Amino acid sequence: MNEPQTSIDKALKIMIGLGILLPFLIASYTCQVISSGLLEKFLLFGPVFILAFLIYWIVVRTIVQFLEE
C-alpha cells in the first residue's frame, strides 16, 4: 500500500532536485558567457537564476495540471 506514496515522493524529490539544479546550471553558464568580471557575474547570477526557476516552475505546474485532468 505504500507503493503509490513512495512513487509520489520520488517524483517530488526529482522535481525539486531539477528545480534547483537546472536553473543553477543555466545561470552559471549564462554568467560565464555574458560577463567577464566577478562583480558582473555575481550581479547577473541572481536574476537569471530566478527567471530560469520561474520558467521551470510554470512548465512543471502546467504539466501537472494537464496530467490531473
Side-chain angles (χ1 to χ4, degrees):
M1 284 204 318
N2 290 336
E3 187 173 321
Q5 185 65 25
T6 57
S7 64
I8 291 172
D9 290 342
K10 285 181 183 178
L12 184 62
K13 287 179 184 178
I14 290 171
M15 285 177 27
I16 290 173
L18 288 176
I20 294 171
L21 181 66
L22 290 177
F24 179 79
L25 292 174
I26 291 169
S28 337
Y29 179 74
T30 305
C31 291
Q32 292 290 328
V33 170
I34 292 177
S35 59
S36 59
L38 185 61
L39 182 61
E40 293 173 352
K41 290 179 185 177
F42 179 71
L43 293 174
L44 185 63
F45 183 82
V48 173
F49 179 82
I50 291 172
L51 180 66
F53 178 76
L54 289 176
I55 291 170
Y56 172 81
W57 188 254
I58 290 169
V59 169
V60 167
R61 291 301 304 158
T62 304
I63 292 171
V64 167
Q65 285 179 355
F66 280 138
L67 291 176
E68 286 179 351
E69 291 180 0

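Nothing here was measured: the structure is a model prediction, and the numbers come from that model.
Hydrophobic cluster membership of Y29, counting Ile, Leu, Val, Met, Phe, Trp and Tyr whose side-chain heavy atoms lie under 4.5 Å apart directly or via other members: V33.
Residue pairs meeting the ring pair (Phe, Tyr, Trp, His ring centres under 6.0 Å) criterion with at least one partner in residues 50-69, sequence neighbours excluded, are absent.
The CD1 atom of I63 sits 9.0 Å away from atom CE of M15, with the distance rounded to the nearest 0.5 Å. To the nearest 0.5 angstrom, F24 atom CZ is 14.5 Å from L18 atom CG. Residue I26 holds its CD1 atom at 7.5 Å from CD1 of I55, rounded to the nearest 0.5 Å. In this structure, S28 OG and K41 NZ are separated by 10.5 Å, a value rounded to the nearest 0.5 Å.
By the side chain to side chain contact (heavy atoms under 4.5 Å, CB included) test, L21 pairs with L25, sequence neighbours left out. In this structure I34 satisfies the side chain to side chain contact (heavy atoms under 4.5 Å, CB included) test together with T30, L44, sequence neighbours excluded. Every residue was checked against the side chain to side chain contact (heavy atoms under 4.5 Å, CB included) condition with F42, not counting sequence neighbours, and none meets it.
If you chain together hydrophobic residues whose side chains sit under 4.5 Å apart, L22 and I58 never meet in one group.
Panel note: side chain E40, backbone G37; a donor-acceptor pair is recorded below 3.5 Å.
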